[in-house]
Protein chains: 2
Amino acid sequence: MAHSHDVPSDLTRNQGLVLGALNHSEGPLSAYDILDKLRADGLRAPLQVYRALDKLVERGLAHRLESLNAFVACADEHCHRKGLIAFAICEGCGKVDEFADAVIEERLGEWAGAKGFKVERTTMEIRGKCGVCLAAAA
Amino acid sequence: MAHSHDVPSDLTRNQGLVLGALNHSEGPLSAYDILDKLRADGLRAPLQVYRALDKLVERGLAHRLESLNAFVACADEHCHRKGLIAFAICEGCGKVDEFADAVIEERLGEWAGAKGFKVERTTMEIRGKCGVCLAAAA
DNA sequence: CGTGATATGTTATGTTATTACGCTTGAGTG
DNA sequence: CACTCAAGCGTAATAACATAACATATCACG
């Protein structure tokens, strides 16, 4: 059976390395975090990472978390996710939960329709504490 | 009658200057944009701006746009806005429309409740084109 | 007056992201 | 095969965003 983080075979070397680093990580990584992890593999410059990230994000294999200036692998194995994706980021453990909500998306569409605004991209990020961390703190 | 951008009188000098710069601007400003506008008033270092912004954001007089690394004055004159605020950012003219949506907020609350996640802060930013820019492009 | 909390000014530094330039690779075509 | 065109790659330099560390100032309040 397929590993939960199998990687498309048509990625370039750098793209594969970067996606591998993201898949391997528990939480989000900054571009420079990724670079540090991949120095052993020959990467030397931020741009090598940013270029790979651009492609991965473009293809939906990774996501950028704007409020962290960091990146995560897409949680959807088959990367079919379309439209609005929301992220819940735990301030305690740093883990990120990715989800989609059709109601929110629809509601946003209504707002946009009423305003004549054409939506191209939406970022939605919730900061807080996950259940595990709350339980641990209690 | 009150000016639409009257400023609370208990702000410090730097806070007042920074909020003034934001109020005066058509669109979002980066901290360094603000600094440049305020050099004539004696500001010299980024930190002076960041410190003022921290306070303004804390008080809800300004908002940070994560996807732009920039700031806007709060659109609500009386700064009573609580809870989730969404921003629609036009890629054409750079203007930002601020709005609140109770349905989205509630929906998010439901998700959080089901997951046991405690929400502390939410950022929601829509990128796209506003009606004016769409009309102009047609 | 003293003292603690908040704000300030300044320098230096850390972190994130892009520009500019030239070389390499590989698919597709004449 | 040779050509070329698009995509990717490597490197250096720099731009843009943000904070640390430290000293001084201001002001409410006991």
Side-chain angles (χ1 to χ4, degrees), chain A residues 7-22 25 27-59 61-72 89 91 94 96 121 123 125 127, chain B residues 7-22 25 27-59 61-72 89 91 94 96 121 123 125 127:
Chain A
V7 152
S9 54
D10 62 333
L11 294 177
T12 66
R13 168 176 163 81
N14 288 0
Q15 288 163 20
L17 287 169
V18 168
L19 185 53
L22 289 175
S25 167
L29 296 175
S30 76
Y32 283 77
D33 290 339
I34 295 169
L35 178 56
D36 287 340
K37 284 179 183 284
L38 296 177
R39 285 195 198 280
D41 298 288
L43 267 65
R44 294 152 193 282
L47 196 47
Q48 296 177 290
V49 174
Y50 280 109
R51 287 201 274 227
L53 284 169
D54 281 348
K55 290 299 174 192
L56 294 173
V57 169
E58 197 178 300
R59 293 183 51 172
L61 298 171
H63 303 292
R64 177 186 175 87
L65 300 173
E66 301 285 359
S67 67
L68 294 178
N69 294 325
F71 301 83
V72 285
I89 301 165
E91 310 274 8
V96 175
R121 191 155 45 87
T123 84
E125 300 175 18
R127 309 291 290 266
Chain B
V7 154
S9 54
D10 63 334
L11 294 177
T12 67
R13 169 177 162 79
N14 287 359
Q15 289 162 19
L17 287 169
V18 168
L19 185 52
L22 289 175
S25 166
L29 296 175
S30 75
Y32 281 76
D33 290 340
I34 295 169
L35 178 56
D36 287 340
K37 283 178 183 284
L38 296 178
R39 284 194 198 280
D41 297 288
L43 268 64
R44 293 152 194 281
L47 199 47
Q48 297 177 290
V49 175
Y50 281 109
R51 288 201 276 227
L53 285 169
D54 281 348
K55 291 298 174 192
L56 294 172
V57 168
E58 197 177 301
R59 294 183 51 172
L61 298 171
H63 304 291
R64 177 186 176 89
L65 300 173
E66 301 284 359
S67 68
L68 292 177
N69 294 326
F71 301 82
V72 285
I89 302 164
E91 310 273 9
V96 175
R121 192 154 45 86
T123 83
E125 300 175 17
R127 309 291 291 266

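Note: hydrogens, waters and symmetry copies are ignored here, and every other heavy atom, side chains too, is used. The chains referred to below are lettered A, B, ... by the order of the sequence lines, with proteins before strands, and numbering in each begins at 1. Note that the coordinates shown come from a computational prediction; the quantities given were computed from them, not determined experimentally.
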Report all side-chain donor-acceptor pairs from residues 29-37 of chain A shorter than 3.5 Å, counting only partners two or more places apart or in another chain.
from, atom 1, to, atom 2, distance (Å)
A:S30, OG, A:Y32, N, 3.3
A:S30, OG, A:D33, N, 3.0
A:S30, OG, A:D33, OD1, 3.4
A:S30, OG, A:D33, OD2, 3.3
A:D33, OD2, A:S30, N, 3.0
A:D36, OD1, A:R39, NE, 3.3
A:D36, OD1, A:R39, NH2, 3.4

In whole angstrom, give the distance that lies between atom CD of B:Q48 and atom C1' of D:dA25.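 In whole Å, D:dA25 C1' lies 14 Å from B:Q48 CD.
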Just the rounded figure in Å: distance from P of D:dG10 to CG of A:L35.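 Spelled out: CG on A:L35 to P on D:dG10 is 12 Å.
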Tabulated below should be each protein N or O lying under 3.5 Å from an N or O of nucleotides 16-22 of chain D; please produce it.
from, atom 1, to, atom 2, distance (Å)
D:dA18, OP1, B:R64, NH1, 3.2
D:dA18, OP1, B:R64, NH2, 2.1
D:dA18, OP2, B:Y50, OH, 3.0
D:dA18, O5', B:Y50, OH, 3.4
D:dA18, N7, B:Y32, OH, 2.7
D:dA18, N6, B:Y32, OH, 3.3

Distance-only criterion, 3.5 Å: show the donor-acceptor pairs between side-chain atoms of residues 40-56 of chain A and protein atoms not counting sequence neighbours.
from, atom 1, to, atom 2, distance (Å)
A:Q48, OE1, A:R44, N, 2.7
A:Q48, OE1, A:A45, N, 2.9

By side chain to side chain donor-acceptor pair (under 3.5 Å) - contacts of B:N14 (at least two apart):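 Testing B:N14 for side chain to side chain donor-acceptor pair (under 3.5 Å), a comparison that skips the adjacent residues, returns none.
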Identify the two heavy atoms, one from A:V96 and one from A:I89, that lie closest to each other, and give their separation to 0.1 Å.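 Looks like CG2-CG1, 4.1 Å.
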So what is the end-to-end bend of the helix from C:dC1-D:dG30 to C:dG30-D:dC1, with 5 pairs used at each end and the value given to 10 degrees?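 What I find for the helix from C:dC1-D:dG30 to C:dG30-D:dC1 is an axis angle of 20°.
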Where chain B begins and ends its contact with DNA chain C, read 5' to 3' at 4.0 Å from heavy atoms: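 From 5' to 3', the first and last contacting nucleotides are C:dA7 to C:dT11.
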Side chain proximity check, A:D10 to A:R59, heavy atoms < 4.5 angstrom: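 Contact flag for A:D10/A:R59 side chains = yes.
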Name each donor-acceptor pair under 3.5 Å that joins a side chain in residues 64-72 of chain B to protein atoms two or more places apart or in another chain, with its distance.
from, atom 1, to, atom 2, distance (Å)
B:R64, NE, B:E66, OE1, 3.1
B:R64, NH2, B:N69, OD1, 3.2
B:S67, OG, B:E125, OE1, 2.5
B:S67, OG, B:R127, NH1, 3.0

